[in-house]
Amino acid sequence: MHENGLLPENALSYENRLEPVPTPAWPAPGEHALLGTRDGLLVVDLHGDVDLATAMPLREWLDSVVALRAPAYVVDLRRTMFIDSTGLNLVLRFRRRVLEHEAGFAVVCAPRTVRLLRAHGTLDLLDPVPGLPEAASRIAGR
């Protein structure tokens, strides 16, 4: 027995072979999101996979984008390869925060994402358009 009486004597030899488990290295938001202005709109371009693995950095990043207090925001989902319910909830949270500041909001997406929004039950709420000109028209007519 080890001197503390809890570990067998050979347990110390195992300690020397253990390596610490590294903390997960989540992708930086820049790997899954870009911010730009097009057609007078602040465009949040989400791309790649928007899911549980990317949610935390994207959430913090989207919060910082809302803090810019722009008059209108567009979330562009056309370049997303995969978006799960966690990713859609990020978009919904972002939408809510934008509308709380009385800013304009629109979503642009491809037909494959429209099917997902319908299945998720958020198609009518997000009411996506196919491109940025349509998003600009929607926001202008609000």
Side-chain angles (χ1 to χ4, degrees), residues 2 4-142:
H2 189 263
N4 68 11
L6 298 176
L7 298 172
E9 287 183 31
N10 62 355
L12 288 179
S13 63
Y14 290 117
E15 280 183 31
N16 294 335
R17 289 186 281 170
L18 295 178
E19 296 180 22
V21 176
T23 57
W26 299 116
E31 293 180 22
H32 297 279
L34 296 172
L35 183 64
T37 56
R38 283 178 253 165
D39 300 327
L41 303 169
L42 192 62
V43 179
V44 173
D45 180 6
L46 298 179
H47 53 274
D49 294 346
V50 180
D51 56 13
L52 183 60
T54 60
M56 283 309 294
L58 282 174
R59 180 180 175 176
E60 292 171 6
W61 182 76
L62 288 170
D63 286 349
S64 70
V65 172
V66 170
L68 295 173
R69 303 284 193 262
Y73 296 85
V74 174
V75 174
D76 190 343
L77 298 174
R78 291 178 292 183
R79 295 192 319 139
T80 56
M81 295 295 109
F82 175 79
I83 185 166
D84 67 2
S85 61
T86 305
L88 289 174
N89 285 328
L90 283 175
V91 173
L92 291 169
R93 181 179 185 275
F94 182 70
R95 175 189 175 271
R96 179 181 50 81
R97 297 196 66 215
V98 164
L99 295 177
E100 284 173 357
H101 295 292
E102 299 179 4
F105 180 83
V107 172
V108 175
C109 69
R112 70 180 183 277
T113 309
V114 170
R115 289 190 302 272
L116 175 67
L117 295 176
R118 184 176 292 116
H120 189 255
T122 55
L123 181 62
D124 291 339
L125 183 64
L126 293 175
D127 195 18
V129 294
L132 291 176
E134 295 89 349
S137 295
R138 166 135 335 132
I139 289 171
R142 63 178 174 125

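Residue numbers count from 1 along this sequence. Fair warning: this is a prediction, and the values are worked out from it, not measured in the lab.
V43 has its side chain out of reach of L35: every pair of non-hydrogen atoms, C-beta onward, lies at least 4.5 Å apart. Side-chain atoms of R95 and L125, non-hydrogen and from C-beta on, do get closer than 4.5 Å to each other. At least one side-chain heavy atom of P128 sits under 4.5 Å from a side-chain heavy atom of L117.
Listed by chain and residue number, nothing satisfies the salt bridge (Lys or Arg N to Asp or Glu O under 4.0 Å) test with R118 (two or more places apart in sequence, or in another chain). Every side chain to side chain contact (heavy atoms under 4.5 Å, CB included) that E60 has, sequence neighbours left out, goes to M56. Taking S64 as the reference, W61 meet the side chain to side chain contact (heavy atoms under 4.5 Å, CB included) condition, with sequence neighbours excluded. In this structure T122 satisfies the side chain to side chain donor-acceptor pair (under 3.5 Å) test together with H120, sequence neighbours excluded.
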Less than 3.5 Å apart, which donor and acceptor atoms pair up between the side chains of residues 71-78 and the rest of the protein, not counting sequence neighbours?
unit_1, atom_1, unit_2, atom_2, d
Y73, OH, V65, O, 3.2
Y73, OH, V66, O, 3.2
Y73, OH, R69, N, 3.2
Y73, OH, A70, N, 2.9
D76, OD1, R78, N, 3.0
D76, OD1, R78, NE, 3.0
D76, OD2, R78, NE, 3.3
D76, OD2, R78, NH2, 2.7

Considering only distance and modelled atom types, tabulate donor-acceptor pairs under 3.5 Å from the side chains of residues 81-93, sequence neighbours left out.
unit_1, atom_1, unit_2, atom_2, d
D84, OD1, T86, N, 3.0
D84, OD1, G87, N, 2.9
D84, OD2, L52, N, 3.3
N89, ND2, S85, O, 3.1
R93, NH1, D63, OD1, 2.5
R93, NH1, D63, OD2, 3.4

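Contact record, L58 with A33: CD2-CB, 3.7 Å, taken as the closest heavy-atom pair. Shortest non-hydrogen contact noted between A135 and V129 is N-CG2, 3.6 Å.
A salt bridge (charged side-chain N to carboxylate O under 4.0 Å, His left out) check over residues 121-135, counting only residues at least two apart or in different chains, returns the pairs D127-R138. Applying the salt bridge (charged side-chain N to carboxylate O under 4.0 Å, His left out) test to pairs two or more places apart or on separate chains, those with a residue in residues 41-59 are D45-R79.
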